[in-house]
Amino acid sequence: MVLEGLGENLRHTLKKIANASNIDEKLVKEVIRDIQRALLQADVNVKLAIQLTREIEKRALTEKPPAGTSSREHVVKIVYEELVKILGKPKEMKLRGQTIMMVGLYGQGKTTTCGKLAKYYQKKGLKVGLIAADVHRPAAYEQLKTLAGQTHALFYGEPTAWKGQEADEANSQIAGRVAAKIVERGIKELKPKVDVIIVDTAGRDKLEEGLIDEMKHVFEIAKPDEKFLVMDAQVGQQAGPQAQAFHDAVQVTGVIITKLDGTAKGGGALSAVSVTKAPVVFIGVGEKVDDLEKFEPARFISRLLGMGDIQTLLEKAQELVEDEDEAEETAKKIMSGRFSLVEMRQQMDMLNNMGPLSKVLDMIPGMGSVRSRMQDKEMEATQLRLKKFRVIMDSMTQYEMENPENIKSSRIKRISRGAGVDPKEVKELLKYYETSKKTMKGLTANKKAQRALMKRLKMDGASLPPGMGGDGA
Ligand code: GDP
Ligand code: MG
């Protein structure tokens, strides 16, 4: 996965949002700080990172979620949308016959990417031809020829043309003309046989007059539909000015950022290029011919953020809210002391769903002391007892669950047989029920305690955002 570090940090932040009980200013500010830090670590420009997070903050605090969307979902969506925005708009790539010319500095991955593109278009059903027009490096000819073999693309090159062509200013004119001649002959030979022609060219250590001259010579002959600038992600934020300079010199139609697999700082290159007039069209994510991905900001960010997982998380949070609505009803009944086994069972199930009893007690304020007083053995015994109670209740009819006071000896016998327990244990359950009821009644007879409990219940209920659901981001 490309930009794994950034993805991990952002996913962590989104989970914070998805799990939050309440979206308030404090949480938004915390989220903003997290995102800013994550972006800066990925080498995204400071100004851009601040601008982006400011926008997220503004929207998160002022926008009302559309009907059917929870505030959690809405904030996640805002973060996603704003991140997509900084990567710019996707460029539409037509799948049809065309000529593509590669440009870029030395060692950026031009030749490798020619092979990757050949594979890409061949897979889409277009026949591809590769032309070797790097007249400075003899190795480039062999390299491209090998790649053509690997990808079943046709190949045109002239190995004899390389002799002594140093890439200096003086012979750039000559080199340009030699390269242009090769391209001319290559196109003549390949054009009738293929749909897509990809021209590999020479680079320089930096963007200089000689390189521009050479490229211009080749352009005039190749008349490429696309001019792809190939850049190593390692250049970071410098990718921006570089892409702009190349664009100004030779009207680049698309940028390919390579070696994104090898750097945590790829965020710098990607975001910097997006503000230039040359859009990122592909990314290179490895040395093999398959390691090329069409660059689509929305998909890229969605994958980076693990939106599928986040969506699941949001849905889980939704279920929790629904459960809590039901739980509130149950809790009210139980507190009033007017409950049957139905409510008691619900309460037990809920407790059970929350995990081991010891963990649950840790989560409840004030229960820590109970937890410390209870030995692990006792805890286990309690857990077992509750489990047995559930088994017993499973053997009861709805009528019995709703009217436990009417469970007399013949029913007790039947239930115990069904549950595979001793009748004593059924009685024990009924006793437990009676005791709980009395305890609750005693507690609620104390009006002050009751009010305090109700208040606590309301507070918990009110902190949950209403109306989760909808399709989200
Ligand atoms: P050129 O001088 O621009 O033609 O660059 P090359 O295509 O010869 O590539 C230079 C080096 O970068 C080679 O060792 C490639 O294997 C490597 N390379 C190119 N693209 C990628 C990429 O996306 N990921 C990784 N890890 N290496 C790459
Ligand atoms: Mg090369």
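As the structure lists them, so they are numbered: ligands from 1, and atoms in each ligand from 1.
For Thr113, no nitrogen or oxygen atom sits less than 3.5 Å from a nitrogen or oxygen atom of ligand 1, counting backbone and side chain alike. Note: an N/O pair closer than 3.5 Å links Thr112 and ligand 1 by distance alone. Residue Leu260 places no N or O, backbone or side chain, under 3.5 Å from any N or O of ligand 1. Close N/O approach between Lys116 and ligand 1 is found [any backbone or side-chain N/O within under 3.5 Å]. Polar contact check, Lys110 against ligand 1: a nitrogen or oxygen pair lies under 3.5 Å apart.
Each of the atoms 2 (O) of ligand 1 lies under 4.0 Å from some heavy atom of Arg137. Atoms of ligand 1 found under 4.0 Å from any heavy atom of Gly284 (numbered from 1 in listed order, with element): 23 (O). In summary, the atoms of ligand 1 found under 4.0 Å from a heavy atom of Thr111, numbered by their order in the structure, are 4 (O), 7 (O). Using a 4.0 Å cut-off to heavy atoms of Leu105, the atoms of ligand 1 that qualify are 3 (O). Interface atoms of ligand 1 facing Gln108, defined by a heavy-atom separation under 4.0 Å, are 1 (P), 3 (O), 5 (O). Of all atoms in ligand 1, listed by their number and element, those nearer than 4.0 Å to a heavy atom of Val285 are 23 (O).
Note: Tyr141 and Tyr156 fail the aromatic proximity criterion, with ring centroids not under 6.0 Å apart.
With a 4.5 Å cut-off on side-chain heavy atoms, Glu226 and Met101 do not count as touching. Residues Val280 and Leu87 form no side-chain contact, since every pair of their non-hydrogen atoms from C-beta on lies 4.5 Å or further apart. Residues Ile256 and Leu117 form a side-chain contact, since some pair of their non-hydrogen atoms from C-beta on lies under 4.5 Å apart.
A donor atom on one side chain and an acceptor atom on the other are not found under 3.5 Å apart for Gln242 and His247. Checked by atom type, the side-chain pair His152/Gln122 shows no donor-acceptor distance below 3.5 Å. With no hydrogens or angles considered, no side-chain donor-acceptor pair links Thr201 and Asp134 at under 3.5 Å.
Closest protein heavy atom to atom 27 (N) of ligand 1: Glu287 CG, 3.3 Å. Protein heavy atom in closest approach to atom 2 (O) of ligand 1: Gly107 N, 2.7 Å. When only non-hydrogen protein atoms are considered, atom 5 (O) of ligand 1 lies nearest to Gly109 N, 2.9 Å. Of the protein's non-hydrogen atoms, the one nearest atom 22 (C) of ligand 1 is Gly286 O, 3.0 Å.
Counting non-hydrogen atoms of other residues, nucleotides and ligands closer than 6.0 Å to NZ of Lys181 gives a total of 12 or fewer. The neighbour count for Lys58 NZ, taken as heavy atoms of other residues, nucleotides or ligands under 6.0 Å away, does not exceed 12. Under a cut-off of 6.0 angstrom, the local environment of NZ in Lys91 is crowded, with over 12 non-hydrogen atoms contributed by other residues, nucleotides or ligands.
Under 4.0 angstrom from ligand 1, the non-hydrogen atoms of Asp261 all belong to its side chain. Neither the backbone nor the side chain of Val230 has any atom closer than 4.0 Å to an atom of ligand 1 (non-hydrogen atoms only).
Ranked by closest heavy atom to atom 12 (O) of ligand 1, the top entry among Met231, Gln143, Lys259 is Lys259.
Residues Ala180 and His217 come closest through the heavy atom pair CB-O, 3.7 Å.
Residue Thr112: no N/O/S atom is found under 2.8 Å from the Mg ion (ligand 2).
Here Ile301 contributes atom CD1 and Leu6 contributes atom CG; the two are 7.5 Å apart, rounded to the nearest 0.5 Å.
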